[in-house]
Amino acid sequence: MVRKWTIWILISLGVLSLLPFALIARARTARTAEPRIHVFPDMDNQGRYKSQQVNRLFADTRAMRPPVEGTVARGQLQEDDHLYRGVRSGEWAAGFPMKIDREVMERGRERYDIHCSPCHGLAGYGDGIVARRADALQEGTWVQPSSLHTDLVRSRPSGHIFNTITNGIRNMPPYGFRVSVEDRWAVTAYVTALQLSQNAAIEDVPEQQRANVQEQ
Amino acid sequence: MSTDNKSTETPFVFPKWVDDLRPLVGIVLGLAPVYIIVLVWFGLSPKTQNIGYSPEQPVPFSHAVHAGELGLDCRYCHNTVEISAHAAVPPTATCMGCHTAIKATSEKLEPVRASSESGMPVRWIRVHDLPDYVYFDHSAHLTAGVSCVECHGRVDRMERVHQVSELSMGWCLDCHRNPAPRLRPAELVTRLDWATEEDREALGARLMEENNINPRTDCSTCHR
């Protein structure tokens, strides 16, 4: 005969055995700030460094070593003044060091939208969302991004605009360290196109299409 | 004498009620293996272990504000994501481009300013971390048109980044075997809220055809 208390033991064991599942269910739904437990460490963490990891051997703790100052990697000697600095015979270059075709223009637009539009706005009037937010927050330290359609900025040679992107200007931060040289020229080309588009006269439209534009 | 006393005692006999325990022990021993297997299965599954990890960061940086409200493109900060395996976490200079002027005295940004002055990097804590024997490449996925959202979820709504995918081998392979429903035109990969009227499966199948996308499933793809 099975006694009553054995039934009770069974029931309480049954209930207790559900407890780990409740904890697991919670772990599945809740966020945790604790790193996972590696029950079997396998070779999950090997004795080598991956990008952007910490290495205390160096004073600045970067495992990725920045190049030693004053050194040039092979093939990285940036001799071409026009391409790398936007300068030709000591003056800001007016042209482009590469062919500007539709593909470059599209690339330029994409990069402009990513890197410049937050401040300068999609059309370049200096009304990007970050500029507007800074205004709304009444940040005293904030300098309004220039409109790219003022006479001054329109008169800048492309080498100057390229340099502005690379090194920043006055209160604008530099972008040289995270936008590649080709992309910076593509953005420069797109900025030039934007400037033309916002200051076009009716004479710039091919004759056959003028009527079309004037109607609108 | 004590020894004599012991020998005259009755030997230990299991009390009668122990008999009643026998079915109980039988049931418990019978169920135990099943129980342990199910427990380990659920407890050690990557769904339990990996999803939801959200470490506290040294700076309360919010993607919901920067990528969501301000609408900054992911590539404004994670600028290497399209061209290299590693999606770089931005250096201090990227933050300071705006924060020398915006919230320039905010207490929350103190570690960023300190880093800018000293040249020591901000110690961001890694969220997603594959085992070191796995090779993963961001650029291969982005150029094929796999959006961040397929693997990282709606980061643009997260105050603090948390992991939403298992990042297990099964999870990688699920997509490598059938990527079509999770592909999109490559120029839209950073638009996390992108949606289309078109059937995703059909669109994906067309993109795979057009761009010759064929994720491999042999071991050396990810273990090299």
Side-chain angles (χ1 to χ4, degrees), chain A residues 1-3 5-7 9-10 13 17 20-21 23-25 27-37 39-40 42-46 48 50-54 59-62 110-111 113-115 117-119 129-130 133-134 137 139 141-143 168 171-175 177-180, chain B residues 17 20-21 23-24 27-28 31 35 38-39 42-45 47-56 69-73 75-76 79-80 83-86 88-91 93-94 96-98 100-105 118-121 123-126 129-133 160 162 187 190:
Chain A
M1 196 205 85
V2 179
R3 293 216 197 164
W5 54 263
T6 54
I7 305 270
I9 290 183
L10 253 188
L13 272 181
S17 70
F21 285 104
L23 291 177
I24 290 172
R28 280 197 172 204
T29 47
R31 308 230 174 104
T32 165
E34 300 302 317
R36 71 172 271 187
I37 313 156
V39 183
F40 307 108
D42 290 340
M43 288 163 79
D44 287 357
N45 293 300
Q46 301 167 8
R48 63 184 164 94
K50 297 205 279 187
S51 304
Q52 294 193 311
Q53 277 183 344
V54 170
D60 65 1
T61 70
R62 286 182 176 89
E110 189 189 57
R111 295 297 122 173
D113 289 356
I114 294 170
H115 293 289
S117 71
C119 291
I129 184 161
V130 170
R133 178 63 64 95
L137 291 171
E139 295 283 352
T141 37
W142 176 253
V143 174
N171 292 292
M172 175 176 145
Y175 285 80
F177 70 95
R178 58 195 158 116
V179 184
S180 74
Chain B
W17 53 263
D20 301 334
L21 269 180
L24 189 76
I27 293 174
V28 170
L31 287 180
Y35 178 75
V38 174
L39 189 68
F42 279 107
L44 295 190
S45 126
K47 279 207 180 75
T48 313
Q49 290 214 314
N50 295 356
I51 294 180
Y53 179 41
S54 174
E56 187 136 9
E69 278 178 50
L70 295 175
L72 293 178
D73 193 288
R75 291 166 290 185
Y76 186 95
N79 60 324
T80 67
I83 46 173
S84 74
H86 179 75
V89 168
T94 303
M96 289 309 275
C98 289
T100 36
I102 299 172
K103 302 266 181 197
T105 52
S118 67
M120 298 283 276
R123 286 274 177 79
W124 301 108
I125 317 257
R126 250 194 114 90
D129 197 4
L130 288 171
D132 286 0
Y133 51 77
R160 195 163 96 194
H162 62 267
E187 62 273 17
T190 54

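Numbers restart at 1 for each chain; the letters A, B, ... are given by sequence-line order, proteins then strands.
- With chain A as partner, the option from B:R123, B:E187, B:M96 having the largest number of non-hydrogen pairs under 4.5 angstrom is B:R123.
- Looking at B:L72, the atoms closer than 4.5 Å to chain A (heavy atoms on both sides) all sit in the side chain, from C-beta outward.
- With rounding to the nearest 0.5 angstrom, the CG atom of B:L24 is 9.0 Å from the CD1 atom of A:I7.
- Taking the six-membered ring where the residue is Trp, A:F21 and B:Y35 present perpendicular rings, their angle passing 60° and hence far from 30°.
- Side-chain contact, A:R178 with B:T80: no donor N or O sits under 3.5 Å from an acceptor N or O.
- In this structure, OG1 on B:T100 lies 8.0 Å from CG on A:N171, to the nearest 0.5 angstrom.
- Chain B forms the most heavy-atom pairs under 4.5 Å with one residue out of A:A30, A:S117, A:A33, and that residue is A:A33.
- Side-chain N or O atoms of B:T48 include none that pairs as donor or acceptor with a backbone N or O of A:R28 at under 3.5 Å.
- When A:P118, A:A27, A:P35, A:A25 are compared by the number of non-hydrogen pairs under 4.5 Å with chain B, A:P35 comes out ahead.
- Looking only at heavy-atom pairs under 4.5 Å with chain A, the residue among B:V89, B:L31, B:I27, B:T190 that has the most is B:V89.
- In terms of heavy-atom pairs under 4.5 angstrom with chain B, the leader among A:R111, A:E110, A:Q52, A:R36 is A:Q52.
- Of all the listed residues (B:T105, B:I83, B:V38), the one sharing the greatest number of non-hydrogen pairs under 4.5 Å with chain A is B:V38.
- The distance from the CG atom of B:D129 to the CG atom of A:N45 is 6.0 Å, given to the nearest 0.5 Å.
- Only the side chain of B:L44 comes within less than 4.5 Å of a heavy atom in chain A; its backbone stays farther off.
- When each of A:R133, A:R62, A:M43 is checked for heavy-atom pairs under 4.5 Å with chain B, A:R62 comes out on top.
- Among the candidates B:H162, B:K103, B:M120, B:E56, the residue making the largest number of heavy-atom pairs closer than 4.5 Å to chain A is B:H162.
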